[in-house]
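Here the structure is laid out as structure tokens; the discussion comes afterwards.
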Amino acid sequence: MKKFFKHWLFTDKKLSPQQLLDIGYLVVSLPLIAVIKLPMIIYLLFFFILIFRDKKLSNIALVGVALFGLFMIILSLFGELNLAGLSRLKIFVEAILYLLILAVTLQRLTKNINFYQIISPILILAISLFFFDSIAMLLYVVFEIFILLWLILAFTMGAGFKESLNMAIRMYLLSLPWVIVLFIFFPRISFEHASYGFRGDGIFRAGHDGTMFTDDRAMRVLSKRVVMEVSFKDKQIPPSNRLYFRGSVLYQKRGNRWLPLPVYLKRAFSPSQIAPKDSYDYAKDKIEYNVVLYPTYKRWIYMLDLPIKAPIGGYIDADFSVTYKGGVRDKLSYNATSALNYRYGKVIRRVILGEALKANKNLAPKTYQKAKEIKKKFKNPKDRLKAIIEFFKSQKLVYSTSPKGLDKKRVTDSFLFKSKQGYCVHFADAFTLMSRFVGIPARIVTGYRGFSQNSIKNYLLIREMDAHAWVEVYIDKSWLRIDPSLLASSSIQDSSVQIVNNKKEPLIQTQNTNRATLYYLYIKYTIESWILNYSHYRQMTLLNRFKSDTKFALIFVLSLIGIVVLIILLYIYFTKTPCKDIGVCEISPLLKKLAKRGFVKGEQESISALLKRYASSLDDDSIIRQIDELYIRCRYDDDIKACKQLREKIKEIK
Amino acid sequence: MQDIANEFKPLIEQISKDLKGKEEIIKKTVATFFAGGHLLLEDIPGVGKTTLAKSFASSLGLEFSRVQFTADMLPSDIIGVNYFDVNEAKFIFKKGPIFTQFLLADEINRSMPKTQSALLEAMEEGKVTIDGISYPLPKPFFVMATQNPYEEKGTFALPHSQLDRFLCSFSIGYPNRESEREILKGLIEEKENKKVVMSLEQIEDIMQSVKEVKLSDSMLDILQEVISFTRESGIFRYGLSTRGALALAAMTRSWARLHGRDYAIADDMLSILADVCYHRLSFLEGETTPKRIYDEITSHISLQI
């Protein structure tokens with residue numbers, strides 16, 4: 001073991017070009033193992049068996065391997081291997097990747113190195129970027145590039161492992177300041193979503209997509225993907241019951257689907273960027289915030305109730321639903337103003353009110369019956385509303401993101417009376433229908449609900465799973481928000497058996513993210529938004545802040561300088577000659593001390609001679625003589641103990 | 001004297017009595033002997049070469065013979081000759097003066113190259129071959145050759161390849177003032193019958209232990225740096241041969257053993273560097289002196305020593 005250690009320490013192993021290439025291939029293909037399909041994995045295992053057998057294959061055997069590989073590729077892409085499939089970017093890239101793997105493995109079996117083989121690791125690296133876009137992959141790519149650089153250096157230098165690694169680290173460090181500066185300042189192009197002529201991967205399903213289904217097609221998007229990043233201007237996040245981000249407003253039920261008003265009715269409104277003063281009675285507690293909305297490919301943008309001022313390009317319509325010209329095709333950042341305390345709906349068009357009352361009793365006969373009872377019993381709309389709420393509570397409805405036993409034909413009835421399981425969609429659907437049955441105009445509002453638990457400082461994260469639907473009822477000449485989901489008696493998280501009983505807390509489909517996770521998300525999000533998604537917009541934000549905020553600019557420049565200095569220090573550290581001779585390394589601190597005292601080693605003088613010369617100048621020379629002896633034994637007798645003693649003795653000398 | 005290993009002390013002390021004030025020279029001679037090599041002394045006559053040789057041989061109890069090389073000398077005058085014995089009616093080999101344990105080859109550069117090479121071949125091979133029959137030389141076999149400085153008339157300079165066969169070369173030089181005064185006073189008398197301080201077995205044991213002296217990686221690095229410097233620096237006409245490199249290592253080992261260590265250090269090599277290299281190297285430009293060789297090489301390896 002000691003010998004091995006010494007061997008490793010003092011010798012510099014040289015790797016053959018084939019070994020270097022193998023390392024490169026292993027490093028770049030590692031992440032792709034998660035991507036490639038089973039038949040290709042089987043093919044790769046087969047390939048590794050061939051490699052480890054280490055026999056030269058005949059040409060016929062190579063053709064056999066190639067045919068086997070092709071067969072496995074076809075098997076992997078089975079069902080997608082048609083022109084339509086290949087027009088989808090991901091499938092196309094996957095097919096290319098498989099062909100590349102086949103070509104590379106065949107080349108490797110011939111044991112000849114050619115240009116094609118040398119360039120392929122970089123191609124594989126590039127392809128892997130199509131499959132991953134996380135921060136982990138970014139770090140891995142940095143690592144990959146470093147390894148490739150090292151391999152190229154090891155090959156061209158013809159040097160050993162350690163020497164080429166040292167050189168690679170140095171070159172890498174030298175490139176870092178440029179990378180950082182170019183990353184921050186190189187002009188970004190703000191381009192539309194680039195599809196390169198390929199079809200997208202199916203329909204993008206967001207938590208909110210403008211309509212609402214109450215059957216199987218209903219959205220149960222539990223993805224943690226971030227939809228919006230909201231930062232509030234006054235550093236104070238409103239309480240959870242005010243965090244309703246308004247999306248589309250739905251009026252009409254067609255079968256199991258809720259739809260917004262038809263276009264011809266919408267045209268009658270005149271949407272504007274700022275909500276007209278006469279459209280609301282009052283709007284207090286105005287709050288300003290910035291939203292970074294990730295591409296939804298829909299026209300809605302989300303603003304807190306009640307939207308007062310939409311961003312440029314956005315329009316608030318009579319329903320206070322905000323749309324964006326051209327749809328959100330690229331990441332969108334906007335500033336918006338909303339009022340938390342408001343009353344609106346004084347001016348309302350008759351046709352809208354009519355739409356808000358339309359309800360087909362055949363869709364939910366039982367519900368209609370129940371509503372009739374309530375309608376008979378109470379005359380005042382307010383009392384009727386209270387009765388509906390009481391009824392919902394009495395039904396002991398369970399909030400479940402995967403409800404069981406819903407009858408697809410009569411969803412509302414089966415939800416309210418039979419299965420009693422559902423989520424926001426079913427609650428909103430049933431509540432709206434019932435309100436309309438009792439004669440109260442009602443409509444469904446869909447959008448996102450924020451939770452102050454998912455916030456840090458003034459940042460609030462809204463994820464797909466925070467998509468929500470609630471109800472607005474028209475009472476006393478104003479629209480009143482009611483969230484029927486809160487009327488559930490308990491909730492089942494996902495399909496797990498666990499039933500959560502917390503009536504006080506809002507029953508939510510979002511899991512209460514714990515602080516650590518949230519911080520992780522926040523940090524990850526911050527890193528992602530500033531590094532991975534560093535865009536034209538981010539760059540402009542940074543530069544604007546740079547111009548306006550002197551303190552920030554100063555800190556920014558200083559930290560840039562700090563990074564550069566740190567890199568230079570690291571570079572110097574790696575540039576200094578590595579310790580090849582333990583004895584010399586151990587004694588050198590003492591030599592520095594002696595030099596300060598005027599005892600400099602002469603050109604023709606050995607270290608030992610210098611020590612003797614110094615010793616003879618002292619009255620008590622015993623320590624120096626001991627050091628001399630230890631140094632000699634450490635360096636020339638390979639005595640490790642002496643080296644340790646030497647180090648300790650040198651420490652004793654002041 | 002304190003740092004000399006105990007077994008060498010009596011030997012060096014005894015020789016020092018005959019050759020005053022030349023302790024360093026005696027140590028180098030001892031080291032050369034125990035490294036199993038041969039010594040070339042380059043000196044003007046009359047500075048104690050013979051004294052050193054005689055004292056050395058008698059202290060170790062070695063069989064001593066001395067050959068004075070002249071211009072008309074033939075190889076057979078050294079290695080011996082086959083003559084026809086009429087009585088026995090066969091050729092009989094009459095051993096030359098080379099068949100001894102300690103050979104003082106005086107003024108080797110006075111003889112013809114043919115004679116020189118006969119001696120040097122015998123030194124290298126450790127045996128003498130005449131008419132197809134090999135006669136081994138006794139052990140130990142040590143040649144101390146002397147040569148006059150080249151400028152003297154009537155000399156045949158030893159070619160570079162022959163010089164390489166000597167392990168070491170140095171000059172004794174003039175004695176210092178004090179020593180010379182003692183000599184002048186006539187206080188020094190050469191005793192013919194000296195005490196033998198070391199047995200043959202002891203000598204062989206020490207020679208064996210010299211071969212076993214360890215050269216650490218560090219030491220080998222330094223040695224190789226020296227060797228490659230002589231070859232690649234371009235300031236020498238030609239670099240050290242592999243035999244030269246081996247000579248450097250052997251002398252370093254021997255010097256370490258002389259100082260009682262079983263591993264060699266850089267200072268060992270520095271002590272004998274010039275002596276091993278002087279007759280093997282010559283500068284392309286300027287004069288070749290031991291000091292210049294030492295300075296050039298040590299400056300180059302300064303960071304490593």
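Just so we're on the same page: letters track the sequence lines, and every chain starts at 1. These values consider heavy atoms only, across backbone and side chains, with no hydrogens, waters or symmetry-generated copies.
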Tell me whether the count of non-hydrogen atoms from other residues, nucleotides or ligands lying under 6.0 Å of [atom1] in [X] goes above 12.
X        : atom1 : answer
B:Lys211 : NZ    : no
B:Phe283 : CZ    : yes
B:Glu212 : CD    : yes
A:Lys111 : NZ    : yes
A:Phe155 : CZ    : no
B:Arg243 : CZ    : yes

Please find the pair of heavy atoms, one from A:Tyr636 and one from B:Met219, that lie closest to each other, and give the distance.
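Looks like CE2-SD, 3.6 Å.
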Nearest heavy-atom neighbours spanning A:Arg635 and B:Ser216
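Result for this residue pair: O-OG, 3.2 Å.
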Proximity breakdown for [X] and chain A, heavy-atom pairs closer than 4.5 Å:
X        : result
B:Ala264 : backbone
B:Leu273 : neither
B:Ile265 : both

Separation between CD1 of A:Ile632 and OH of B:Tyr263, rounded to the nearest 0.5 Å
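Here the interatomic distance stands at 6.5 Å.
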Separation between CG of B:Asp267 and OG of A:Ser608, rounded to the nearest 0.5 Å:
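Rounded to the nearest 0.5 Å, the CG-OG separation comes out at 4.5 Å.
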